[in-house]
Amino acid sequence: MAGNVEHVFAVAMAAVSLLRRAVASLEPRTLRGDAAERLLKLFAEAERLAAAGKALMARRVEETSQWRGGGCRSAAEWLASATGSSVGAAVGTLETARRLEKLPATAEAQRDGRLSEVQAKEIAGAAAVNPRVEADLLAAATREPVSALRQRCDRIKASAADDEAGRQRRIHASRHLRHWNDADGAFRMDLRTTPDAGAVILANLKPFCDRAFAQARAAGRREPTEAYAADALQDMAGAAGGADAVTGSPGPRAMVHVRVDHAALVRGHTDGDEMCEVPGIGPIPVATAKAWAGDAVLKALVTNGVDVVAVAHAGRTVTAAQRAALEERDPTCVVPGCATARGLEIDHVDGWALTRTTTLDRLARLCRWHHYLKTHGSYRLEGSAGDWRLVPPDDDAAPRPSAAGAIPATLDLGLAATPSG
């Protein structure tokens with residue numbers, strides 16, 4: 001055993017020494033772009049392997065109480081000091097290491113360098129509440145960006161039927177709104193509340209944000225979005241007592257949208273990877289969605305009686321039904337690896353000037369940059385819903401994906417911002 005330990009020490013020290021020499025000898029400006037890309041991927045793999053080793057050893061230091069000799073109050077505090085990270089990050093590292101002891105497949109993937117520390121943390125958190133999803137999450141980690149993997153894991157954690165209501169109660173019990181003045185004398189706020197309450201707040205705030213943005217543009221001002229949001233919050237507070245301070249009309253009534261799988265709505269809670277969430281906010285209990293729906297108009301994107309995939313017309317403009325189906329089918333830019341969800345633009349894949357038809361299966365939502373590449377950079381969008389690929393101009397020999405995707409049986413609830421109950 002002692003010989004094995006010494007061997008591991010020797011290998012690790014040699015690896016660190018070689019890595020130190022490699023980084024020290026780097027002259028980035030002398031590298032071509034493709035060489036820089038290859039080296040970046042190698043360093044990323046080294047980073048993942050180092051993170052796995054760090055987590056394993058951190059857990060062992062915690063188990064053996066070795067951290068107590070340093071005068072720290074906890075293993076997390078010791079780990080933060082030893083690695084130059086925050087205590088919060090150290091807590092997450094130790095928590096993930098504990099969970100991976102019961103998730104051998106995820107632990108093996110991390111030790112092989114196939115998972116980053118963030119990916120391992122997200123998968124471990126979700127698989128801890130539902131071990132059946134571990135294999136699916138490991139597969140998803142190979143093809144989805146971290147943001148999409150995190151959303152998937154959040155839904156799984158929120159769908160734990162025996163904890164959904166309890167989770168909501170715990171967040172509600174810890175809700176707070178704090179304010180103070182910082183060193184510059186600026187007014188500051190910090191809000192913690194349940195996702196559904198946050199959705200109501202943001203939905204009511206959005207019309208004021210839009211108006212603040214329009215007023216700034218009309219006046220020739222260009223400021224950060226956060227600045228307009230601050231102005232909007234002040235306007236919303238001023239309008240809360242009655243008429244709008246600027247227009248004299250009642251304040252705008254907002255609409256909160258909830259996306260919920262039909263099976264979950266019928267069952268009363270989500271299961272596995274099912275969805276019940278406010279887009280951009282996060283999962284909410286199915287019970288909350290049902291309570292809101294009592295005062296709302298329910299709009300079904302996919303039902304047993306209507307096949308929205310077949311909706312087509314001869315005009316260039318996308319119909320309301322097609323737009324609603326696209327928003328559900330393509331919540332983010334369809335280009336693999338792109339997780340952009342804001343400011344998406346609808347693209348006629350084959351070019352309306354050529355086909356003179358607008359069909360849902362030949363429409364896709366792209367971020368502004370990828371839409372620009374396709375429109376002005378001679379890139380091609382090939383494939384079909386659920387399996388798109390953006391092909392560069394010089395990649396004519398590339399294989400053409402053909403697998404067809406499907407629209408999930410998911411409902412979009414348009415919910416009033418001031419629901420009863």
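If you're wondering where the values come from, they're calculated on a predicted model, not measured in any experiment.
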A.B. asks: Looking only at non-hydrogen atoms, find the nearest pair between Cys333 and Cys367 and report the distance.
C.D. replies: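 So the two residues come closest at SG-N, 3.3 Å.
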A.B. asks: Check whether any side-chain N or O of Ser86 sits under 3.5 Å from a backbone N or O of Ala89 as a donor-acceptor pair, and report yes or no.
C.D. replies: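 Yes, because the side chain of Ser86 sits within donor-acceptor range (under 3.5 Å) of the backbone of Ala89.
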A.B. asks: To the nearest 0.5 Å, what is the distance between CG on Leu363 and CZ on Arg323?
C.D. replies: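 Between atom CG of Leu363 and atom CZ of Arg323 there are 10.0 Å.
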A.B. asks: Look at atom NE2 of His179 and say whether more than 12 heavy atoms of other residues, nucleotides or ligands are closer to it than 6.0 Å.
C.D. replies: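 Open.
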A.B. asks: Between Asp271 and Arg132 (salt bridge meaning N to carboxylate O under 4.0 Å), is one present in this structure?
C.D. replies: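 Arg132 and Asp271: salt-bridged.
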A.B. asks: Return yes when atom CZ of Arg38 has more than 12 non-hydrogen atoms of other residues, nucleotides or ligands closer than 6.0 Å, and no otherwise.
C.D. replies: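 Open: at most 12 neighbouring heavy atoms sit under 6.0 Å from CZ of Arg38.
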A.B. asks: Minimum heavy-atom separation for Ala229 and Leu205, please, with both atom names.
C.D. replies: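 For Ala229 versus Leu205, the nearest heavy atoms are O-CD1, 4.4 Å.
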A.B. asks: Please evaluate residues Ile346 and Leu326 with respect to the criterion side chain to side chain contact (heavy atoms under 4.5 Å, CB included), reporting the C-alpha separation (whole Å), side-chain torsions for both, the decisive distance (0.1 Å), and the verdict.
C.D. replies: CA-CA 8 Å; Ile346 297 176; Leu326 275 172; 3.8 Å; yes
A.B. asks: Assess, by modelled atom type and distance only, whether the side chains of Ser174 and Arg192 contain a donor and an acceptor separated by less than 3.5 Å.
C.D. replies: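 Result is yes, a qualifying pair exists.
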A.B. asks: Any donor and acceptor pair, going by atom type alone, linking the side chain of Tyr228 with main-chain N or O of Asp210 inside 3.5 Å?
C.D. replies: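 Side chain of Tyr228 to backbone of Asp210: no pair is present.
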A.B. asks: For His172 and Arg175, which I'm curious about, is there any donor-acceptor pair between the side chains at under 3.5 Å?
C.D. replies: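 The criterion, which ignores hydrogens and geometry beyond distance, is satisfied for Arg175 and His172.
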A.B. asks: So Arg368 and Glu345, do their side chains get closer than 4.5 Å, heavy atoms only?
C.D. replies: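 With C-beta onward as the side chain, the pair touches.
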A.B. asks: Do Arg114 and Thr142 have side chains that approach each other closer than 4.5 Å (heavy atoms only, starting at C-beta)?
C.D. replies: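 Sidechains of Thr142 and Arg114: no contact.
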A.B. asks: Using a strict cut-off of less than 4.0 Å between a Lys/Arg side-chain nitrogen and an Asp/Glu carboxylate oxygen, indicate whether Lys121 and Glu117 qualify as a salt bridge.
C.D. replies: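 Answer for the salt bridge query: no.
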A.B. asks: Mind running side chain to side chain contact (heavy atoms under 4.5 Å, CB included) on Ile284 and Cys276 for me, showing each step along the way?
C.D. replies: CA-CA 6 Å; Ile284 65 171; Cys276 182; 4.0 Å; yes
A.B. asks: Between Arg150 and Asp154, is there a side-chain N and carboxylate O pair less than 4.0 Å apart?
C.D. replies: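 So Arg150 does not pair with Asp154 through a salt bridge.
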A.B. asks: Applying side chain to side chain contact (heavy atoms under 4.5 Å, CB included) to Arg20 and Leu18, what does each step give before you reach the verdict?
C.D. replies: CA-CA 5 Å; Arg20 182 180 292 112; Leu18 288 172; over 6 Å; no
A.B. asks: Find out whether Lys206 and Phe208 are in side-chain contact, i.e. whether some heavy atom of one side chain is under 4.5 Å from a heavy atom of the other.
C.D. replies: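 In short, these two side chains do not touch, never coming nearer than 4.5 Å.
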A.B. asks: Taking 4.0 angstrom as the limit, do Lys374 and Asp347 come out as a salt bridge?
C.D. replies: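 Salt bridge present between Lys374 and Asp347.
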A.B. asks: To the nearest 0.5 Å, what is the distance between CZ on Phe43 and CZ on Arg48?
C.D. replies: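 One finds 13.5 Å between CZ of Phe43 and CZ of Arg48.
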A.B. asks: After noting the C-alpha distance and the side-chain angles of Arg178 and Leu191, does the key distance pass the side chain to side chain contact (heavy atoms under 4.5 Å, CB included) rule?
C.D. replies: CA-CA 6 Å; Arg178 299 170 182 155; Leu191 172 67; over 6 Å; no
A.B. asks: Please tell me if the side chains of Met275 and Thr270 come closer than 4.5 Å, counting only heavy atoms from C-beta onward.
C.D. replies: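 The answer is no; the side chains never approach within 4.5 Å.
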A.B. asks: In Å and rounded to the nearest 0.5 Å, what is the OG to CD distance from Ser74 to Glu62?
C.D. replies: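 Reported to 0.5 Å precision, the distance equals 9.0 Å.
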A.B. asks: Tell me the closest heavy-atom pair linking Gln110 and Ala120, and the distance in Å.
C.D. replies: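 Nearest pair, atom of Gln110 first, then Ala120: NE2-CB, 3.7 Å.
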A.B. asks: Is it the case that atom CD in Gln66 sees more than 12 heavy atoms from other parts of the structure closer than 6.0 Å?
C.D. replies: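 12 or below, so no.
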A.B. asks: Look at Lys41 together with Glu37 and state whether they make a salt bridge at an N to O cut-off of under 4.0 Å.
C.D. replies: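 Counted as a salt bridge, because a side-chain N and a carboxylate O are separated by less than 4.0 Å.
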A.B. asks: At their closest point, which heavy atom of Val334 faces which heavy atom of Trp388, and how far apart are they?
C.D. replies: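 Smallest interatomic distance, heavy atoms only, reads CB-CD1, 3.4 Å.
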A.B. asks: Nearest 0.5 angstrom please: Thr332 OG1 to Leu344 CG, how far?
C.D. replies: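 These two atoms lie 7.5 Å from each other.
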A.B. asks: Could you tell me if the side chain of Thr340 sits less than 4.5 Å from the side chain of Val335, heavy atoms only?
C.D. replies: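 No, side chains not in contact.
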A.B. asks: Side chains of Ile123 and Leu149: does their closest heavy-atom pair fall under 4.5 Å?
C.D. replies: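 Touching, per the 4.5 Å side-chain cut-off.
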A.B. asks: With a 4.0 Å cut-off on N to O distance, would you call Arg152 and Glu122 a salt bridge?
C.D. replies: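 Result for this pair is no, no salt bridge flagged.
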A.B. asks: State, yes or no, whether a side-chain contact exists between Asp190 and Leu177 at a heavy-atom distance under 4.5 Å.
C.D. replies: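 Side-chain contact under 4.5 Å: no.
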A.B. asks: State, without any angle test, whether Gln215 and Asp231 hold a side-chain donor-acceptor pair at a distance under 3.5 Å.
C.D. replies: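 Absent: no donor and acceptor within the cut-off.
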A.B. asks: I need the Leu39 CG to Leu26 CG distance, nearest 0.5 Å.
C.D. replies: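 CG of Leu26 is found 6.5 Å from CG of Leu39.
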A.B. asks: Using modelled atom types only, decide if a donor and an acceptor are shared between the side chain of Thr96 and the backbone of Gly92 within a distance under 3.5 Å.
C.D. replies: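 Confirmed, Thr96 side chain pairs with Gly92 backbone.
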A.B. asks: Taking Asp387 for its side chain and Gly383 for its backbone only, find out whether a donor-acceptor pair lies under 3.5 Å.
C.D. replies: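 Side chain of Asp387 to backbone of Gly383: no pair is present.
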A.B. asks: Closer than 4.0 angstrom, basic N to acidic O: yes or no for Glu63 and Arg59?
C.D. replies: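 Salt bridge present between Glu63 and Arg59.
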A.B. asks: Quick check: are there more than 12 heavy atoms from other residues, nucleotides or ligands sitting under 6.0 Å from CZ of Arg143?
C.D. replies: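 Yes, because the 6.0 Å sphere around CZ of Arg143 holds more than 12 heavy atoms from other groups.
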A.B. asks: Around Tyr372, counting heavy atoms of other residues, nucleotides and ligands shown, do more than 12 lie under 6.0 Å from its OH?
C.D. replies: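 Open.
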A.B. asks: If we only count heavy atoms from C-beta on, is the Leu137 to Asp273 side-chain gap below 4.5 Å?
C.D. replies: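 Result no, sub-4.5 Å side-chain heavy-atom pair not found.
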A.B. asks: Can you spot which of Thr106, Leu100, Leu49, Leu56 makes a side chain to side chain contact (heavy atoms under 4.5 Å, CB included) with Arg111?
C.D. replies: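 The passing option is Leu56.
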A.B. asks: Specify the closest pair of heavy atoms between Leu390 and Pro392, including all atoms of both residues, with the distance to one decimal.
C.D. replies: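 It is O-CD, 3.7 Å.
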A.B. asks: Can you confirm whether Phe9 is buried at CZ, in the sense that more than 12 heavy atoms of other residues, nucleotides or ligands lie under 6.0 Å from that atom?
C.D. replies: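 Not more than 12 within 6.0 Å, no.
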A.B. asks: Treating Ser81 as the side-chain partner and Glu77 as the backbone partner, does any N or O pair qualify as donor plus acceptor under 3.5 Å?
C.D. replies: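 No, Ser81 side chain to Glu77 backbone: no donor-acceptor pair under 3.5 Å.
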A.B. asks: Rounded to the nearest 0.5 Å, what separation is found between the CD1 atom of Ile201 and the CG atom of Asp196?
C.D. replies: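 Between Ile201 CD1 and Asp196 CG, I get 10.0 Å after rounding to 0.5 Å.
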A.B. asks: Surrounding CD of Glu47 (heavy atoms of other residues, nucleotides or ligands, distance under 6.0 Å), is the total greater than 12?
C.D. replies: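 No, the 6.0 Å shell around CD holds no more than 12 heavy atoms from other groups.
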A.B. asks: To check you understand the geometry: which heavy-atom pair defines the closest contact between Leu138 and Ala105, and what is its length?
C.D. replies: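 For Leu138 versus Ala105, the nearest heavy atoms are CD1-CB, 3.9 Å.
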A.B. asks: Do Glu274 and Arg267 meet the salt-bridge criterion of a basic N to acidic O distance under 4.0 Å?
C.D. replies: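 Salt bridge flag = yes for Glu274 with Arg267.
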